[in-house]
Amino acid sequence: MSETDQILNDALTNDPKENALEAAITHLEKKGDSEEQDEFIEVAEEEEKRDNTDYSGFTKSDFVKKAEELVFNTNLKEGHDIFKKIRVLFDDAIKAERVLLIKEWADAGNEVREFKPPYDEQKEVFYKAYTKFLEKRAEEKKLAEDEKKKNLNAKKSIIEKLRVLTSNDETEKAFDEVRELQKQWRQIRTVPREHMQDLWDNYRFLLEKFYDNHTINNELKELDREKNLEAKIDLIKKVSALHEEKSIKKTYILLNKYHEDFKNTGPVNGKDVSEEIWKRFKDASDKVLNEKRVVLDEIKAKRSDNLELKKVLCEKIELINQMPIENAKQWKEKSEEITAIFNEWKTIGPVPESVNDQIWKRFREAQNNFNHSKKGFFDKLNSGRDENLKAKLALCEQVEKLIDNPQFDITSKKIIALQEQWRGIGPVPDKMNDVVWTRFRAACDAFFSKKDVFYKEKNAGEKENQVAKEGILKAVTELIENNDSTAVFQALRKLQQDWMSIGYVPMKVKNDLQNNYNKAVDAIYKKHKQAADENKQFRMKEHYEMLASAPNGDDKLKYEERQLNDKLKMLRDDVETLKNNVEFFAKSKNADAFKLQIEQKIETANVQIAKLSEELKVLRSFKKTSARY
């Protein structure tokens, strides 16, 4: 952890005010936590009330506004779930702000460890709203618990009244009182869970005892029990109808209500009928529960799958954080990857509630680590913008000096290399960015425009040269039919000089023209059958004469001279090696045969050396002539 990170961590965790606020919030959270819900309700509520808002783009002001709205949210569970999400993001925003404040503090020459976070009004407003919401939630829970206690006492009172009525004499008034107590019992809502079963057992026992002990008005009692049977049969039908209900939450709520109604409905005639009607009711309930449990299991399995998918996304960002990212282009590419991963995260459904906060925290930390590293890179990059400007201005000057250089091919390579250097330099101050780029681009465009004009003119001249050489080739071809050797060679020499004096031709016809020309010249020499050596000597002189008079003739002669010198050096080296071999074989048996072969090779090489030396003298004589011109 860097020193800045440590100071930031201290600022967020070691501040007494911060710690006191966190302790108060934790206390209020616990006060507002409800008893553990049935898994049907818990999962169903999450599925049906899940908040899908994307809070990633919210500013601190947006979070404060949302927090103030949530204080008045009547759905406390939904509000609490949203608060848990936005609180993490709000704290991230505070942390990002403090990173900048610490940097400014350090850049001003202050000791980092002396930094104290300033008063943050938005934070105070946000946490006041959050605290108010938690207090409201805790108060709601207290009211609910007080109501349950009140209901418990009310049901206990009914049980005591039933107990008294059961032990009293049988009267018609007693039946009316029992019916009123049954009505009151049904109207009373929930009681503490730990007392529910005990209350019901006592209530049912006393109610059945009352009816069993009192035989007066049998007709009325029988009528009541028939009505009770009809009511319970109707409840069985209602339970069966729940198969069509799509909402798990609504199914569970109605099923609980039907069970409560079934319990609160009085007894029926006969123990066998009572057991049978209860069995039918329970079987119908179990079928609905089992059917909805299959759906519930699918939801839970899907949430487990979602958890694995979100773990993979966390690992992707964590892997990116481990990669070395060395330039702005790579940071841009990886930022796009992070954005794509976050968009994919938002398409994945909920995960099990027990790990929801944990997986979200892991994902956010990975995101924050990436953003922190990215910010550090660009802070460092931007700190060198003035140096980058100097470097780019220097490149502008270099290109401007090359604009009028006539060596277009060489200069093109130089300018392209300078453009590569430009791309490797980082950003410059914003106010100079367009200015320096326009200057650099204008210089490059000026050179390449001149190059384009030159090659367009050059291409036009090459076409004219092609036509001229085709005319010379035709004239040389016609000389083949002439039998006057003297006239032919005089004309040929003039045509060869003309050929060499013509400049470049288009590349696509260059080789064909030269090959056809060489064939025609060779045909003339072959027809007139001059002595081989004289012919060669004559052609050699003609060749160097034409080279000397051609454009860039001196460069061409220098190239030919290098070629001859290289051949001479190689032959002389070979001769020295052969001479050493003669001395070696002279000391061995049967050396005469080997010695003779080697001496023949030396002689042949010396002849070639003499010819090349003579040719070199001729070349140098034309080279001196070319130099004088």
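Count residues from 1 along the sequence. Because only heavy atoms are used, hydrogens play no part in the values below, and waters and symmetry mates are left out as well, while side chains stay in.
Between K334 and E337, at least one side-chain N (NZ, or NE/NH1/NH2) sits under 4.0 Å from a carboxylate O, which counts as a salt bridge. K279 has a carboxylate O that lies under 4.0 Å from a charged side-chain N of D283, or vice versa, which qualifies the two as a salt bridge. Look at E291 and K287 and you find no salt bridge, because none of the NZ, NE, NH1 or NH2 atoms lies under 4.0 Å from a carboxylate O. Using a 4.0 Å cut-off between charged nitrogen and carboxylate oxygen, E135 and K132 do not count as a salt-bridge pair. With respect to D146 and K150, no salt bridge is recorded, no charged nitrogen being found less than 4.0 Å from a carboxylate O. Checked for salt-bridge contact, R362 and E318 meet the test: a charged N lies under 4.0 Å from a carboxylate O. Using a cut-off of 4.0 Å between Lys/Arg side-chain N and Asp/Glu carboxylate O, R186 and E260 are scored as not salt-bridged. Look at K257 and D261 and you find a salt bridge, because one of the NZ, NE, NH1 or NH2 atoms lies within 4.0 Å of a carboxylate O, short of that distance.
Checking each of D91, D357, D92 against R364 for a salt bridge (charged side-chain N to carboxylate O under 4.0 Å, His left out) leaves exactly one that passes, namely D92. Of the listed residues (L296, V288, V294, L289), just one forms a side-chain contact (heavy atoms from CB on, under 4.5 Å) with K292, and that residue is V288.
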Checking ring-ring contact (aromatic ring centres under 6.0 Å, His included) for the pair F205/W200: CA distance, chi angles, key distance, verdict?
CA-CA 8 Å; F205 170 77; W200 167 247; over 10 Å; no
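Between Q330 and E326 the shortest heavy-atom distance is OE1-N, 2.7 Å. Closest of all the heavy-atom pairs between K60 and A93 is CG-CB, 3.8 Å. Heavy-atom minimum distance, P192 versus K149: CD-N, 4.3 Å. Contact record, I86 with A67: CD1-N, 4.4 Å, taken as the closest heavy-atom pair. Closest of all the heavy-atom pairs between K374 and S335 is NZ-OG, 2.9 Å. Contact record, L152 with V191: N-CG1, 3.7 Å, taken as the closest heavy-atom pair.
Because its NZ or CZ atom is not both nearer than 6.0 Å to the ring centre of Y203 and within 45° of the ring axis, K155 does not count as a cation-pi partner of that residue. Cation-pi geometry between K85 and W360 is not satisfied (NZ or CZ under 6.0 Å from the ring centre, within 45° of the ring normal).
The backbone N or O of K136 sits nowhere less than 3.5 Å from a side-chain atom of E140 that would complete a donor-acceptor pair. Within the 3.5 Å criterion, the main-chain N or O of V428 finds no donor-acceptor partner in the side chain of N433. In this structure a side-chain-to-backbone donor-acceptor pair under 3.5 Å is missing from N306 to V351. Between the T251 side chain and the S247 main chain, a donor and an acceptor come within less than 3.5 Å of each other. One N or O on the side chain of N151 and one on the backbone of T190 form a donor-acceptor pair closer than 3.5 Å. With hydrogens and angles ignored, the 3.5 Å screen pairs no side-chain donor or acceptor of N73 with any backbone N or O of L76.
Q122 has its side chain within reach of S61: a pair of non-hydrogen atoms, C-beta onward, lies under 4.5 Å apart. Between Y258 and L242, some side-chain heavy-atom pair lies under the 4.5 Å cut-off. Looking at T131 and L134, their side chains never come closer than 4.5 Å, going by heavy atoms from C-beta outward. Side-chain contact between I325 and F377: absent, with no pair of heavy atoms (C-beta onward) separated by less than 4.5 Å. By the 4.5 Å heavy-atom criterion applied to side chains, F342 and Q367 are counted as neighbours. The shortest side-chain heavy-atom distance between L255 and S285 falls under the 4.5 Å cut-off. The side-chain heavy atoms of F58 and F90, taken from C-beta on, include no pair separated by under 4.5 Å. In this structure, the side chains of D286 and K282 come closer than 4.5 Å at one or more pairs of heavy atoms.
Residue E121 qualifies as open at atom CD: its count of foreign heavy atoms under 6.0 Å is 12 or below. The environment of CD in Q358 is sparse: at most 12 heavy-atom neighbours from other residues, nucleotides or ligands sit within 6.0 Å. Counting heavy-atom neighbours within 6.0 Å of Q187 CD, excluding the residue itself, gives a total above 12.
Aromatic rings of F126 and F63 (six-membered ring for Trp) have centroids beyond the 6.0 Å cut-off, not under it.
Relative ring orientation between F262 and F281 is described as parallel, the plane-to-plane angle staying below 30° on a 0-90° scale split at 30° and 60°.
One distance of note links CZ of R137 with NE2 of H80; it measures 4.0 Å at 0.5 Å rounding.
E365 and N369 are not linked by any side-chain donor-acceptor pair at a separation below 3.5 angstrom, with hydrogens and angles left out of the test.
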